[in-house]
Amino acid sequence: MNLSKTYEPGEYESDIYDLWEKSGAFTPKNRGSDKTYSIVMPPPNANANMHIGYEFTAVLEDIPVRYHRMKGEAALLLPGADHAGFETQAVYEKHLAKEGKSRFDFSREELYKDIWDFVALNRDNFEAQLRTMGASVDWSRFTFTLDKKIVDRAYKTFKKMWDEKLIYRGERLVNYCTFHRTGFADIEVEYSDAVSPLYYIKYGPFELATTRPETKFGDTAVAVHPDDKRYSKWVGKTVTVEGVNGPFDVMVIADEMVDMEFGTGVVKITPAHSFDDWEVAKRHNLPVVRVIEHDGTMNEKAGKYRGMTVMEARLAVAEAMKEKGLLIKVDENYHNRVGKCYKCGTVIEPMLMQQWFVDMQPLAKRAIAALQAKKINFYPDSKRTQLITYLEGLKDWNISRQIAWGIPIPAFQNVDDSDDWIFETNTDQEIIEKNGKTYHRDPDVFDTWFSSSSWPYATLNYPSEDFDKFYPLSLMETGGDILYPWVSRMIMLGLYVTDDIPFKEVYIHGYIRAEDGTKMSKSIGNTVDNGALLKEFGSDAVRMGIIAGRSPGESASFAPGKIQAARNFCNKLWNVARYIEDVIGDDFEARKTPEVLSIADHWMLTKLQQLTERVTSDLDNYRFSEAYDSLYHTVWDDFADWYLEASKATPNPGLLAYFLENLLKLAHPFAPFVTETIWQTLKWEGDSLLITSSWPEISLAADPKKARDFETIQTMVVECRTIIANIGLSKPILGYKGSEFLEMHAGLIMRLARLGSVEKGLEANGLRLTRAPFEAWIIVDANTAQKYLSKLEEKQSAEAVSVERLKGRLSNKAYVESAPEKLVAETRAQLEESEAKLHQITTEIDSFNL
RNA sequence: GGGUGAUUAGCUCAGUUGGCUAGAGCAUCUCGUUUACACCGAGAGGGUCGGGGGUUCGAGUCCCUCAUCACCCACCA
């Protein structure tokens, strides 16, 4: 019974979190329901601090988990952290660079250990932030993506695919960053617009256009279109080309990939350094000659250009060709798109490499079938069809990465036979002996998405009791940016390994953009200082302010006003509770037998019933913003502004307590800290916790007629207030003719409308109320009344418009015949009402003109 | 080149299957010390729902088209 006078969230939030944690409330447990509800959090990168976007994610997961926990279900929110492979190593390399070092100064083992320590430092930080946000996670199940169980699961999956021939090792062109010296999956390459010089060069008997003269040393053919008459006589012949390092021979081939319109319609073919050319080479059995090294320099095939970077060589070769008269012209204004490393911006080189690939088509096929059958619901649903489109075009997946920070690939190669690979999980060994042969471990690690694709079941220790209980997960909540790399792969691997979908629903959230609508980014410096935000407004306010007015899949700007509004809402809850505590004093017993007495009681009960239904169904459908909005307005407008004010005339402590209890419950998933704090001061159920209390079911019955009566009062009160405010009256008298209803509620009306008094039987001598079904006047002198005349006339014309509109609608035969009966009946009733009002207003105006 | 989403009040955004006079928060204006709350209360102003066409008794909502913005996919020698 002792809430402090002002709402200061900072003073109790961490204590409340401890209280929950120590009570074991975060451990999933059935309480009167045998259902389970499970969310495994997408693990945030262990290398970074939590930003506002991650807080947003945590809230979107915590709200439904708290809701289902209160419904008595065994609700699990499983937290984790992601080693994030290349991402983390790239961040660590930046640190090294500051110290003037490079990753190549260390062995892979040293590097791995150093990054491990680096990541450990940051992990505490982010766990603390999760607590600050009130995320009700089961810390005992915390999982790191390099935990043994995750590694084991990745190895088992790899083995299964190996055995079933879904994994193969092959020499392919892969996207390669010469700065980070690792290959990438297609999806990791970022393309951007560029202006590149387009060189028109002499090439044997042809002229052709190329942006990459330096790759000439790797040319093994020259191609034209099969239908191109200009060049058909050359097809199949070998031609001699004068090069900067002397003449060489290439074959002329015909291939559909050539665009006759582009340049001169002739293309030099460099199979080792162009994806298109690689495809052509496979079709025509062309030799493949690599001319660029992994460090991005030219190799011995480039002759005197050896050792130059690609860019240096390009300029040098162009210059040399110019001198030899082989360069015809340079188009300096050619626009194309260039693939870049998404971390360092280095131009991606297509590089010929031995890598492990996953054959995706069989996996994708099952996923597509499950998605088409809508076995997984998406919020918004459009993401489901987008995912299907993505899966349909999926190519084989390169899962090898030439970095240190990751899970070593469990494959060893025979030192005497490069085609002899064996599967072994003891990857802490570099060299092993088996059957009298020596094997070398593949030095590469898995693409981080390969292991994290198993996240839903690996975290649950598949196969296990937890797995049986919580799989498939109820919900996967994540951002749109990892729909393709992660969500798609979880579905494919889930189906492949467990034979079941990994989750029943997917909620995709949009991004929080900066206030001005631009992308939030550390480098631009327009991120939100969430520490300051939490300090100023409290976690509850941030939770609610951040979900307010957002819909799934849509990005929207950060709006500080919404955080502020949410903080004010917490303050409102706080003061409502303070008032009610004051009224009920120590009479805890009264709340057990709430009685519905006054018309306000019946009205508020109806509002609570509606709110409960709405919040429940909105949460069932992941409509967080709508649920919060309903809650906000019911608590503030209906409960605080109307009900509490009305109840001051005739306080009903038992029912006040009942309302407060249920409103706190409904608000708890959104504002867990303030609601639990209030709950704890009430101590209604001994040491009970709100977090594990039951979700409201309103069983008290409301009398709809009485509820409507209160609405009639509201209408009158609002009209009185409007008149009072508009003509600046102070505590006027409301007179009325004999009406039992008004007589009974005179006190209530007087209080709510701030009237001087409400008196019966006075002569009609003031401003007649036009909205209530009773004859009542605000008593004013004729002069004052005249001031209000224009206002009244405005009202008259508005009402006349309304009558006309309704009449028009009802005279429309088509409307009356085809609209639902109920709607037509409503329209009729409205017309009647409108006409009556118009009549009243008109009478009132006429009386002024006497 | 292909796809998706957005365009609603000064600002940031809601608006579930078409159905009463389109909503909220913030901001603005007027009034108010009514002991739960000035992080408040009461009242008010502000929108031809991006343009144009169509379907329907009825369109912010469905269809077509145009414009602008954002994102995604493919990838140009």
Side-chain angles (χ1 to χ4, degrees), chain A residues 3 5-7 186-187 191 198 208-212 223 257-259 262-263 266-270 274-277 334-339 380 382-383 385-386 389-390 393 480-481 483-484 510-511 513 515 517-519 537 541 545 548-551 553-583 617-618 621 623 625-626 629 632-633 640-641 644-645 648 717-718 721-726 728 730 751 753-754 798 801-802 805-806 809 812-820 822-824 826-827 829-830:
Chain A
L3 287 173
K5 181 156 162 51
T6 51
Y7 166 69
D186 296 341
I187 204 164
Y191 288 88
L198 183 62
L208 60 77
T210 178
T211 53
R212 305 202 60 181
M257 71 71 90
V258 180
D259 177 0
F262 188 93
V266 183
V267 188
K268 66 190 199 64
I269 300 298
T270 322
S274 153
F275 288 100
D276 280 340
D277 294 4
Y334 173 63
H335 291 257
N336 65 347
R337 286 174 68 77
V338 176
S382 58
K383 300 287 175 190
T385 38
Q386 273 178 38
T389 311
Y390 169 75
D481 52 335
L483 180 67
Y484 295 158
Y511 309 109
R513 293 191 306 241
E515 275 182 68
T518 56
K519 201 172 168 181
F537 296 107
R550 280 177 189 275
S551 35
E554 290 301 328
S555 296
S557 305
F558 175 70
K562 286 181 181 168
I563 310 279
Q564 190 188 322
R567 190 272 317 268
N568 295 353
F569 176 63
C570 294
N571 181 63
K572 183 54 81 171
L573 269 176
W574 186 266
N575 282 291
V576 161
R578 288 207 316 136
Y579 169 75
I580 294 175
E581 288 187 7
D582 227 31
V583 171
S617 104
D618 281 345
N621 293 294
R623 294 160 56 85
S625 172
E626 291 82 349
D629 194 60
Y632 180 98
H633 289 288
D641 289 346
L644 286 191
E645 291 310 318
K648 282 175 183 172
V717 166
V718 167
R721 284 171 176 172
T722 307
I723 292 170
I724 290 169
N726 275 322
S730 174
R751 165 181 276 277
R754 313 233 142 268
V801 168
S802 174
R805 202 189 54 244
L806 293 167
R809 192 176 301 165
N812 181 346
K813 220 174 141 197
Y815 172 73
V816 178
E817 278 166 13
S818 35
K822 201 179 144 201
L823 200 66
V824 178
E826 262 174 44
T827 310
Q830 279 164 11

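Just so we're clear, the structure is a prediction, and the values are computed from it rather than from any experiment. The sequence lines fix the lettering, A, B, ..., with proteins before strands; numbering per chain opens at 1.
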* Are the side chain of A/Asn575 and the backbone of A/Asn571 linked by a donor-acceptor contact shorter than 3.5 Å? -> yes
* Within the distance-only criterion (no hydrogens, no angle test), does the side chain of A/Ser274 pair as donor or acceptor with the backbone N or O of A/Asp277 below 3.5 angstrom? ->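 It does hold such a pair.
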Look at all strands and tell whether [X] reaches a base, only sugar-phosphate, or nothing, counting heavy atoms closer than 4.0 Å.
X: A/Arg567; result: base
X: A/Ser551; result: sugar-phosphate
X: A/Pro820; result: base
X: A/Ala640; result: base
X: A/Arg212; result: nothing
X: A/Val801; result: nothing
X: A/Ser818; result: base
X: A/Phe558; result: nothing
X: A/Ala209; result: base
X: A/Lys5; result: sugar-phosphate

Under 4.0 Å: is that the gap between some side-chain N or O of [X] and OP1 or OP2 of [N]?
X: A/Lys383; N: B/C72; value: no
X: A/Ser557; N: B/C13; value: yes
X: A/Arg721; N: B/G43; value: yes
X: A/Lys572; N: B/G41; value: yes
X: A/Arg751; N: B/A42; value: no
X: A/Arg550; N: B/C13; value: no

* Asked: For RNA chain B, whose closest nucleotide is more 5', that of A/Tyr390 or that of A/Val816?
  -> A/Val816
* To do: By nearest nucleotide on RNA chain B, pick out whichever of A/His335 and A/Glu645 is the more 5' one.
  =>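 Nearest-nucleotide comparison on RNA chain B picks A/Glu645.
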[X], nearest nucleotide to its side chain (from [options]):
X: A/Tyr815; options: B/C57, B/C39, B/C37; result: B/C57
X: A/Leu823; options: B/C13, B/G41, B/G19; result: B/G19
X: A/Tyr484; options: B/U4, B/A77, B/C73; result: B/C73
X: A/Tyr191; options: B/A77, B/C75, B/C39; result: B/C75
X: A/Ser802; options: B/U21, B/G5, B/A77; result: B/U21
X: A/Ser382; options: B/G5, B/C76, B/C57; result: B/G5
X: A/Leu644; options: B/A36, B/G5, B/U21; result: B/A36

Below 4.5 Å, heavy atoms only, C-beta onward: do [X] and [Y] meet side chain to side chain?
X: A/Arg212; Y: A/Thr270; answer: no
X: A/Leu573; Y: A/Tyr7; answer: no
X: A/Arg513; Y: A/Ser557; answer: yes
X: A/Tyr390; Y: A/Leu483; answer: no
X: A/Glu581; Y: A/Arg578; answer: no
X: A/Lys572; Y: A/Tyr632; answer: no

Whole-Å distance separating the [atom1] atom of [X] from the [atom2] atom of [N]:
X: A/Arg809; N: B/G58; atom1: CZ; atom2: P; answer: 12 Å
X: A/Tyr579; N: B/C37; atom1: OH; atom2: C1'; answer: 13 Å
X: A/Gln386; N: B/A70; atom1: CD; atom2: P; answer: 18 Å
X: A/Ile563; N: B/C39; atom1: CD1; atom2: C1'; answer: 14 Å
X: A/Leu483; N: B/G5; atom1: CG; atom2: P; answer: 14 Å
X: A/Asp481; N: B/A70; atom1: CG; atom2: P; answer: 19 Å
X: A/Met257; N: B/A74; atom1: CE; atom2: C1'; answer: 15 Å
X: A/Tyr511; N: B/A6; atom1: OH; atom2: P; answer: 16 Å

[N] and [M]: how far apart are their [atom1] atoms, nearest whole angstrom?
N: B/U65; M: B/C26; atom1: P; answer: 41 Å
N: B/G50; M: B/A14; atom1: P; answer: 13 Å
N: B/G18; M: B/C11; atom1: P; answer: 31 Å
N: B/G15; M: B/C62; atom1: P; answer: 12 Å
N: B/C13; M: B/G5; atom1: C1'; answer: 15 Å
N: B/U61; M: B/C75; atom1: P; answer: 37 Å
N: B/A59; M: B/C64; atom1: C1'; answer: 15 Å
N: B/U68; M: B/G52; atom1: C1'; answer: 15 Å

Between the protein and nucleotides 16-18 of chain B, list the N/O to N/O atom pairs that are separated by less than 3.5 angstrom.
residue : atom : partner  : partner atom : Å
B/U16   : O4'  : A/Arg623 : NH1          : 3.4

* Atom of A/Gly549, atom of A/Lys562 and distance for their closest heavy-atom approach ->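 Where A/Gly549 meets A/Lys562 most closely, the heavy atoms are CA-NZ, 4.2 Å.
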* Asked: Which atom names give the shortest non-hydrogen contact between A/Trp574 and A/Lys5, and what distance separates them?
  -> NE1-O, 4.0 Å
Please list, chain by chain and in numerical order, all residues satisfying salt bridge (Lys or Arg N to Asp or Glu O under 4.0 Å) with [X], sequence neighbours excluded.
X: A/Arg809; answer: none
X: A/Arg754; answer: none
X: A/Glu645; answer: A/Lys648

Are there any protein N/O atoms within less than 3.5 Å of an N/O atom in nucleotides 23-32 of chain B, and if so, which ones and at what distance?
residue : atom : partner  : partner atom : Å
B/G25   : O2'  : A/Gly561 : O            : 3.3

* Asked: Do A/Glu554 side-chain and B/A70 base share a donor-acceptor contact under 3.5 Å?
  -> no
* Looking only at N and O atoms, is any donor in the side chain of A/Arg337 or the base of B/C76 less than 3.5 Å from an acceptor on the other one? ->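 Such a pair does not exist between side chain and base.
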* Asked: For the residue pair A/Tyr334 and A/Phe262, does the interplanar ring angle fall in the parallel (under 30°), tilted (30 to 60°) or perpendicular (over 60°) class?
  ->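 A/Tyr334 vs A/Phe262 ring planes: perpendicular.
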* Asked: What stem regions, each of at least 3 consecutive Watson-Crick or G-U pairs below 3.5 Å, can be found for RNA chain B?
  -> B:1-7 with B:67-73, B:10-13 with B:23-26, B:28-32 with B:40-44, B:50-54 with B:62-66
